[in-house]
*Asks:* 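Sending over a structure as structure tokens; questions will come in a sec.
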Number of protein chains: 2
Amino acid sequence: MSNVMPLLAAFERAGHRITSPRLAVANLIAARDGHFAAADLVADARRDRLAIGRATIFRALELLIELGAVERLDLPTGEHAYVSCEPAHHHHVVCSSCGRTSEIDDAGLRAFVDEVARRTGYALESHRLELFGRCPACRSNGAA
Amino acid sequence: MSNVMPLLAAFERAGHRITSPRLAVANLIAARDGHFAAADLVADARRDRLAIGRATIFRALELLIELGAVERLDLPTGEHAYVSCEPAHHHHVVCSSCGRTSEIDDAGLRAFVDEVARRTGYALESHRLELFGRCPACRSNGAA
DNA sequence: TCGCTTGATGATACTGAGTCTCAACACGCG
DNA sequence: CGCGTGTTGAGACTCAGTATCATCAAGCGA
Ligand SMILES: [Zn+2]
Ligand SMILES: [Zn+2]
Ligand SMILES: [Zn+2]
Ligand SMILES: [Zn+2]
């Protein structure tokens, strides 16, 4: 349910052509609500009778991840999932019921990261933070 | 290079027998330095001429994860790795050079998590935080 | 001690995500 | 047109993790 433009912009910014398979993949991603697996996109493409190879979907996904327009999540179960998002550094709150995500700002975390670096002596390069819980919509929907 | 005892204790605490295959797996894990993949344990077992089936290694690992004595990490590359650790909730700083980890306390993070819950309206259930960087030893070793 | 029940094991087959290979294709440019 | 480079798709492949199932061992009561 997000917009295709940022995805296409990511391709262009990095000097990659916006081919029709890539456009199709971007559309499939934008049409998705919440996180998705690569297999979901393959299924979507099949459903829409799109002539896109499996490899091409993986390649487009990989490119978008490199460019920061899509991020790989690790669910508490250990499964991988993808979600489209802003290129700037941030983190995700993931609904464990419907899979929708919200982006959260990094600001409040920075002090903590610095403190860890100071205490452990590590030269920290990156970090990953994911929060899981039920989103407001799912909470008010009761069982859903 | 850690101790086997916590691993064995985890088995006992949950009412599982400490069989010789499980003891062997615990020893392999304790002998490991830094994070490891399941395949590493299989290779270690082979090297030591231990008659342990692959499935048994995976089962022991799964059990230890359930009991909180081993944790699954997600490296920045997307690979999964395992690391033995304390059962209490905490997070890891992972050396991107040698793979050794340090456990860090959750305390400094709690305020941030609460703030996110307040701002987003999510009912947060769990979270995962992993920090990556070079450990003090690797830093002073220069290139290593 | 015998026999039963339950948990544990290991060989093997299987699944499913992601990767690799390679031949064919599409564009941009001189 | 003709070349070079980037892109594509089919299919084979790898590899972690799971499932199946027959066998085995511990615990326990008769
Ligand atoms: Zn939800
Ligand atoms: Zn951050
Ligand atoms: Zn190190
Ligand atoms: Zn925590």
Side-chain angles (χ1 to χ4, degrees), chain A residues 7-8 10-29 32 35-46 48-67 70-83 99, chain B residues 7-8 10-29 32 35-46 48-67 70-83 99:
Chain A
L7 298 169
L8 301 183
F11 281 130
E12 290 213 305
R13 191 177 344 115
H16 294 276
R17 293 193 215 132
I18 298 184
T19 61
S20 96
R22 280 179 185 156
L23 174 58
V25 172
N27 276 319
L28 291 180
I29 292 177
R32 279 264 146 200
H35 55 69
F36 54 89
D40 292 330
L41 297 185
V42 175
D44 290 355
R46 247 186 82 104
D48 296 351
R49 305 281 192 286
L50 299 175
I52 313 177
R54 212 174 79 94
T56 301
I57 293 183
F58 274 94
R59 277 189 289 241
L61 212 39
E62 184 188 20
L63 245 181
L64 290 169
I65 290 173
E66 245 169 59
L67 304 177
V70 166
E71 203 166 296
R72 197 198 318 264
L73 292 184
D74 293 287
L75 306 183
T77 60
E79 297 164 76
H80 283 172
Y82 303 91
V83 64
Chain B
L7 299 170
L8 301 183
F11 281 131
E12 290 213 306
R13 192 176 344 113
H16 293 278
R17 300 206 282 257
I18 297 183
T19 61
S20 93
R22 282 180 183 155
L23 174 58
V25 171
N27 276 318
L28 291 181
I29 292 176
R32 279 264 146 201
H35 54 69
F36 54 90
D40 293 329
L41 297 185
V42 175
D44 290 356
R46 247 186 83 104
D48 296 353
R49 306 279 191 291
L50 299 175
I52 313 178
R54 212 174 80 95
T56 302
I57 293 182
F58 274 93
R59 277 189 290 241
L61 212 39
E62 184 189 21
L63 244 181
L64 289 169
I65 291 172
E66 244 170 62
L67 304 176
V70 166
E71 203 166 298
R72 198 196 319 262
L73 292 184
D74 293 286
L75 305 183
T77 60
E79 300 165 75
H80 283 172
Y82 303 91
V83 63

*Asks:* Figure out the CD1/P separation between A:I57 and C:dG16, and round it to whole Å.
*Replies:* 17 Å
*Asks:* When you measure from the side chain of A:R22 to the backbone of A:R17, do you find a donor-acceptor pair of N or O atoms at a distance under 3.5 Å?
*Replies:* yes
*Asks:* Stepwise, does the side chain to side chain contact (heavy atoms under 4.5 Å, CB included) test hold for A:E71 with A:I65?
*Replies:* CA-CA 6 Å; A:E71 203 166 296; A:I65 290 173; over 6 Å; no
*Asks:* For a quick test of reading the model: is some side-chain N or O of A:T56 closer than 4.0 Å to OP1 or OP2 of D:dT8?
*Replies:* no
*Asks:* Is B:R59 side chain donor-acceptor paired with the C:dG7 base, going by distance under 3.5 Å alone?
*Replies:* no
*Asks:* Checking all strands, does B:Y82 fall into the base, sugar-phosphate, or nothing category for heavy-atom contacts under 4.0 angstrom?
*Replies:* sugar-phosphate
*Asks:* Quick one: on DNA chain D, does B:R54 or B:R17 contact a more 5' nucleotide (nearest heavy atom)?
*Replies:* B:R54
*Asks:* To the nearest 0.5 angstrom, please state how far the CG atom of B:L50 sits from the OG1 atom of B:T56.
*Replies:* 12.0 Å
*Asks:* So B:R22, base contact, sugar-phosphate only, or nothing? Heavy-atom distance under 4.0 Å.
*Replies:* sugar-phosphate
*Asks:* Give a yes or no on whether a salt bridge exists between A:R32 and A:D44, defined as a side-chain N under 4.0 angstrom from a carboxylate O.
*Replies:* yes
*Asks:* Send over the distance from B:L63 CG to D:dT18 C1', rounded to a whole Å.
*Replies:* 15 Å
*Asks:* Does B:H80 make a side-chain N or O approach to OP1 or OP2 of D:dG17 shorter than 4.0 Å?
*Replies:* yes
*Asks:* Under 4.0 Å from OP1 or OP2 of C:dT9: is there any side-chain N or O of B:T19 that close?
*Replies:* yes
*Asks:* So what does B:A39 touch, heavy atoms closer than 4.0 Å: a base, only the sugar-phosphate, or nothing?
*Replies:* sugar-phosphate
*Asks:* Please compare B:A55 and B:H16 by the position of their nearest nucleotide in DNA chain C and report the one closer to 5'.
*Replies:* B:H16
